[in-house]
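The structure under discussion appears below in the form of structure tokens.
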Amino acid sequence: MPELPEVETTRRGIEPHLVGHRVTRLAVHEPRLRWPIPEAVRSLENATVASVTRRAKYLLVTVPAGSALFHLGMSGSLRLCTDGAARRKHDHVEMTLSSGGILRFHDPRRFGCLLWQPTGDGVHPLLARLGPEPLSDEFDGEILFRAARGRRIAIKTLIMNAAVVVGVGNIYASEALFAAGVRPGRAAARVTRAESGRIAQAIKTVLARSIEMGGTTLRDFVDSDGEPGYFAQSLAVYGRAGEPCGVCASPVRQRVLAQRSTFWCPTCQR
DNA sequence: CTAAATACCTGATGGC
DNA sequence: TGCCATCAGGTATTTA
């Protein structure tokens, strides 16, 4: 399940292999992703990649005519194959580059997407209503506190809302709230300004640390399977129901909030 | 406007 | 060994 750190690590990994290189061939083997892959992505062919950027969990591969917009969904991965390995099952799209490498979009569950945004056509609708990037200065405790005014939903549900802040997935939501000492089920409106500050800071710290780890753990995803599994050893509460909290040894608790498994320490979090 | 539920999909896992 | 049921999960969309 690619969360923001995995998406950013993927971006950093593929960027040097794409920018400045020409797409010599685009092969769409399975257009039925979350939305059908539009014909317009053919504009990539014979174009030279200008940049590879990220917005929330979307990756944008930009050429002069526009941007290919990838989302990895829950099971997607982008890996660069330079070793001539054969296409595997669920490799839905292949971008062959002038360097000889092939960028392969692999997504067994097909929750991902590949869309097209023409140059000069404004911001894609999927990106238009997104909140600030969690690692930017634009996102802080104050903006979180204000977003929480009058909201009865759980604070965890609020920080997972992309209109409030992007890139906080189910795993890191629990992790950040543990780091901030706030219980995930607390009503958003009952979180204080000071706690909002700690939560915002925790989101930044947890994500940044994970990106750093991705830099080492995922470094060689080129020619590898690109699916490193999770850094489970670094998760404090996620997936650890019943296990002793690493700080106070209380058993970690689990419940479902807004259809999502949620984990917390009843002692360290209030 | 908010909040909750739903849909999309396949692989892994557990029970029998 | 096989088969069925359950679960996981990002997020746009639908419903209340």
Side-chain angles (χ1 to χ4, degrees), chain A residues 1-11 29-38 54-60 69-78 88-93 105-117 123-134 144-177 184-191 203 206-207 210 225-232 235 237-242 254-263:
Chain A
M1 323 144 243
E3 297 229 22
L4 186 140
E6 288 78 4
V7 177
E8 176 59 23
T9 300
T10 296
R11 190 198 69 76
H29 303 286
E30 172 56 88
R32 296 175 303 167
L33 301 184
R34 178 165 189 183
W35 297 284
I37 297 175
R54 178 186 62 76
R55 174 72 173 111
K57 293 175 186 171
Y58 294 92
L59 281 173
L60 286 76
L69 204 152
F70 289 91
H71 194 293
L72 304 182
M74 293 175 37
S75 58
S77 62
L78 277 172
R88 298 180 307 170
K89 194 179 180 185
H90 305 305
D91 281 345
H92 304 313
V93 179
F105 181 56
H106 179 87
D107 187 5
R109 294 178 202 175
R110 293 195 273 120
F111 269 28
C113 66
L114 167 53
L115 299 171
W116 180 253
Q117 172 68 7
V123 181
H124 193 280
L126 288 179
L127 307 183
R129 292 181 183 176
L130 295 176
E133 288 287 328
L144 179 59
F145 183 71
R146 269 182 265 137
R149 292 312 85 205
R151 304 297 296 271
R152 300 151 76 146
I153 52 170
I155 183 63
K156 172 176 178 259
T157 307
L158 185 77
I159 63 176
M160 290 181 66
N161 181 344
V164 174
V165 57
V166 302
V168 181
N170 196 45
I171 293 173
Y172 294 114
S174 281
E175 291 298 306
L177 287 168
R186 175 117 58 97
R190 293 188 168 276
V191 173
I203 288 171
V206 165
L207 290 177
S210 189
D225 66 7
E227 291 171 54
Y230 267 70
F231 319 126
L235 298 176
V237 288
Y238 187 85
R240 296 189 182 279
Q254 172 180 12
R255 68 178 276 209
V256 174
L257 280 177
Q259 336 278 88
R260 293 290 177 263
S261 284
T262 305
F263 300 84

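All values derive from a computational prediction rather than experimental measurement. Note on naming: letters A, B, ... go to the chains in the order of the sequence lines (proteins, then strands), and numbering restarts at 1 for each one. Just the heavy atoms: all of them, side chains too, but no hydrogens, waters or symmetry mates, feed the values below.
The CZ atom of A:R129 sits 13 Å away from the C1' atom of B:dC1 (whole-angstrom rounding). Taking atom CZ of residue A:R110 and atom P of nucleotide C:dT11, one finds them 19 Å apart after rounding to whole Å. Taking atom NZ of residue A:K89 and atom P of nucleotide B:dT10, one finds them 9 Å apart after rounding to whole Å. A:L257 places its CG atom 14 Å from the C1' atom of B:dA3, with the value rounded to the nearest Å. Whole-Å rounding puts the A:N161 CG to B:dA3 C1' distance at 11 Å. Going from atom CH2 of A:W35 over to atom P of B:dA7 covers 16 Å, rounded to whole Å. Protein atom NE2 of A:H71 is 7 Å distant from nucleotide atom C1' of C:dT11, rounded to whole Å. Between the CZ atom of A:R109 and the P atom of B:dT10 there is a distance of 11 Å, given to the nearest Å.
The stretch residues 145-157 of chain A comes close to DNA chain B through A:R151, A:R152, A:I153, each having a heavy atom under 4.0 Å from the strand.
The residue among A:A258 and A:H90 whose nearest nucleotide of DNA chain B lies closer to the 5′ end is A:A258.
Inter-residue side-chain proximity for A:P134 and A:Y172 is flagged as unmet; no heavy-atom pair is nearer than 4.5 Å. A:E133 is listed as a side-chain neighbour of A:L4, based on a closest heavy-atom distance under 4.5 Å. Contact annotation: the side chain of A:S75 never approaches that of A:F111 to less than 4.5 Å [non-hydrogen atoms, C-beta and beyond]. Between A:P2 and A:K57 there is no side-chain heavy-atom pair separated by less than 4.5 Å.
Heavy atoms of A:L72 sit nowhere under 4.0 angstrom from any nucleic acid atom. In this structure, A:R34 reaches the bases: a heavy-atom distance under 4.0 Å links it to at least one base atom across the strands shown.
For the side chain to side chain donor-acceptor pair (under 3.5 Å) test with A:N170, the passing option among A:K156, A:R260, A:E175, A:Q259 is A:K156; the others fail.
Heavy-atom minimum distance, A:V164 versus A:A147: CG1-CB, 3.8 Å. Residues A:H92 and A:L33 come closest through the heavy atom pair CD2-CD2, 3.7 Å. Residue A:P184 comes nearest to A:A154 through the heavy atom pair O-CB, 3.3 Å, listed as atom of the first residue, atom of the second, then distance.
Two end axes, each from the C1' atoms of five base pairs, can be drawn for the helix from B:dT2-C:dA16 to B:dC16-C:dG2; they diverge by 50°, to 10 degrees.
For A:F70 and A:F105, the gap between ring centers is short of 6.0 Å.
Side-chain atoms of A:Q259 lie closest to B:dT6 of the nucleotides C:dG10, C:dA12, B:dT6. The side chain of A:Y58 approaches C:dA12 more closely than any other nucleotide in the set C:dA12, B:dG11, C:dA8.
When the side-chain nitrogen and oxygen atoms of A:S75 are compared with OP1 and OP2 of B:dC9, none of them lie within a distance under 4.0 Å.
In this structure, A:R149 places its CZ atom where more than 12 heavy-atom neighbours from other residues, nucleotides or ligands lie under 6.0 Å away.
One N or O donor and one acceptor, one from the side chain of A:R260 and one from the base of C:dG10, sit under 3.5 Å apart.
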